[in-house]
Engineer: 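Take a look at this one; I'll ask things after.
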Amino acid sequence: AAFLAERSKIEVSESTHQLLARLAERYPLVVITNGNLDLVQAGLDRYFTLVCKAGAGARMKPAPDMFEQTRSALKLPAERILHVGDHPETDVLGARLHGFRAAWLNERQQPWLQLQLLPDVELTALEELAELLL
């Protein structure tokens, strides 16, 4: 419990809160994570309709479990779902292998050579989602 409490002490910028609020008004937002951040404690829970975490019957990304759980909950074909993530394998490869669209959040300017499958779009900042989706 102490570890999770410390892990969840993150600082989220006001612009990120505003972006998530605007996106949540227009789209159902889902978390698909291999991590252990407590969204309530981090102040992010109000934006998301579903949280899929590895463990408790779901394997870690890039396995299909959480992607399928998301697709099923949203009742949408996989190709209508955009997965946004920063990891070339767990996020980009995972999304593409399971039919999702992939937005690679490449804030650290990682080289494309490490990608096994290309994303649909590369973002250098999360705020770029507003230009694409709002």
Side-chain angles (χ1 to χ4, degrees):
F3 172 78
L4 289 178
E6 284 302 311
R7 169 71 176 98
S8 300
K9 289 181 182 176
I10 62 168
E11 195 169 315
V12 180
S13 70
E14 184 56 35
S15 64
T16 298
H17 280 287
Q18 290 174 0
L19 174 64
L20 289 172
R22 290 178 60 206
L23 288 169
E25 288 175 0
R26 190 161 183 184
Y27 304 100
L29 302 181
V30 175
V31 173
I32 301 176
T33 182
N34 290 343
N36 51 15
L37 178 73
D38 182 332
L39 290 178
V40 173
Q41 190 170 347
L44 297 171
D45 60 305
R46 64 184 174 268
Y47 307 117
F48 299 96
T49 60
L50 176 66
V51 177
C52 301
K53 290 185 174 187
R59 291 174 290 170
M60 295 178 76
K61 297 178 290 183
D65 306 29
M66 293 184 285
F67 292 100
E68 178 54 31
Q69 185 181 358
T70 297
R71 189 206 57 72
S72 180
L74 294 177
K75 297 178 176 50
L76 290 170
E79 65 271 10
R80 299 269 326 269
I81 302 171
L82 176 66
H83 178 76
V84 180
D86 64 353
H87 196 277
E89 184 176 322
T90 62
D91 292 313
V92 176
L93 180 64
R96 295 302 310 276
L97 284 176
H98 307 301
F100 285 43
R101 302 287 183 187
W104 183 28
L105 182 57
N106 189 11
E107 294 173 307
R108 293 176 286 169
Q109 302 297 305
Q110 299 176 68
W112 282 72
L113 295 173
Q114 62 187 314
L115 294 169
Q116 295 178 47
L117 290 175
L118 294 176
D120 293 282
V121 65
E122 177 185 13
L123 308 171
T124 57
L126 189 62
E127 291 75 21
E128 292 174 19
L129 278 177
E131 298 169 26
L132 294 173
L133 301 175
L134 298 174

Engineer: Where do A103 and L123 come nearest, in terms of heavy atoms and distance?
Structural biologist: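 The pair with the smallest heavy-atom distance is CB-CD1, 4.1 Å.
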Engineer: Is there any side chain to side chain donor-acceptor pair (under 3.5 Å) pair reaching into residues 122-134, and which pairs are they, with sequence neighbours excluded?
Structural biologist: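 Only S15-E127, N106-E122, W112-E122, T124-E128 qualify under side chain to side chain donor-acceptor pair (under 3.5 Å).
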Engineer: Who else is in the cluster with M60 when I, L, V, M, F, W and Y are joined by side-chain contacts under 4.5 Å?
Structural biologist: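 So far as hydrophobic clustering goes, M60 is joined with none.
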Engineer: To the nearest 0.5 Å, tell me how far L44 CG sits from T16 OG1.
Structural biologist: 8.5 Å
Engineer: How long is the gap from NE2 on H83 to OG1 on T90, to the nearest 0.5 Å?
Structural biologist: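 These two atoms lie 6.5 Å from each other.
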Engineer: Identify the heavy atoms of M66 and C52 that sit nearest to each other, and give their distance.
Structural biologist: SD-O, 3.4 Å
Engineer: So do the side chains of L20 and V12 get within less than 4.5 Å of each other, counting heavy atoms only?
Structural biologist: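 L20 does not reach V12 side chain to side chain.
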Engineer: Rounded to the nearest 0.5 Å, what separates atom CD in Q69 from atom CG in L74?
Structural biologist: 10.5 Å
Engineer: Is the closest side-chain heavy-atom distance between D86 and V92 below 4.5 Å?
Structural biologist: no
Engineer: Any side-chain to backbone donor/acceptor pair from K53 onto L37? Under 3.5 Å, distance only.
Structural biologist: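 Side chain of K53 to backbone of L37: a pair is present.
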Engineer: Within this structure, what is the CH2-CG distance for the pair W104 and L93, rounded to the nearest 0.5 Å?
Structural biologist: 12.5 Å
Engineer: Enter the distance from R96:CZ to L117:CG here, rounded to the nearest 0.5 Å.
Structural biologist: 6.0 Å
Engineer: For residues 25-32, which side-chain N or O atoms pair as donor and acceptor with protein atoms under 3.5 Å away, sequence neighbours left out?
Structural biologist:
{"from": "R26", "atom 1": "NH1", "to": "L133", "atom 2": "O", "distance (Å)": "3.2"}
{"from": "Y27", "atom 1": "OH", "to": "L133", "atom 2": "O", "distance (Å)": "2.7"}

Engineer: Listed by chain and number, what are the salt bridge (Lys or Arg N to Asp or Glu O under 4.0 Å) partners of R101, not counting sequence neighbours?
Structural biologist: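 R101: salt bridge (Lys or Arg N to Asp or Glu O under 4.0 Å) contacts with D120.
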Engineer: Please enumerate all residues that pass ring pair (Phe, Tyr, Trp, His ring centres under 6.0 Å) together with F100, with sequence neighbours excluded.
Structural biologist: F67
Engineer: Please indicate whether R46 has more than 12 foreign heavy atoms, meaning atoms of other residues, nucleotides or ligands, lying under 6.0 Å from its CZ.
Structural biologist: yes
Engineer: Locate the shortest heavy-atom distance separating L105 from L126; write the atom from each residue and the value.
Structural biologist: CD1-N, 3.6 Å
Engineer: With H87, which residues qualify under ring pair (Phe, Tyr, Trp, His ring centres under 6.0 Å), at least two apart?
Structural biologist: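 For H87, no residue satisfies ring pair (Phe, Tyr, Trp, His ring centres under 6.0 Å) once neighbours in sequence are set aside.
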Engineer: Test your reading of the model: is there a side-chain donor-acceptor pair from S72 to the backbone of E68, 3.5 Å cut-off?
Structural biologist: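 Answer holds: no.
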Engineer: Could you tell me if the side chain of R71 sits less than 4.5 Å from the side chain of L76, heavy atoms only?
Structural biologist: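 A side-chain contact under 4.5 Å is absent here.
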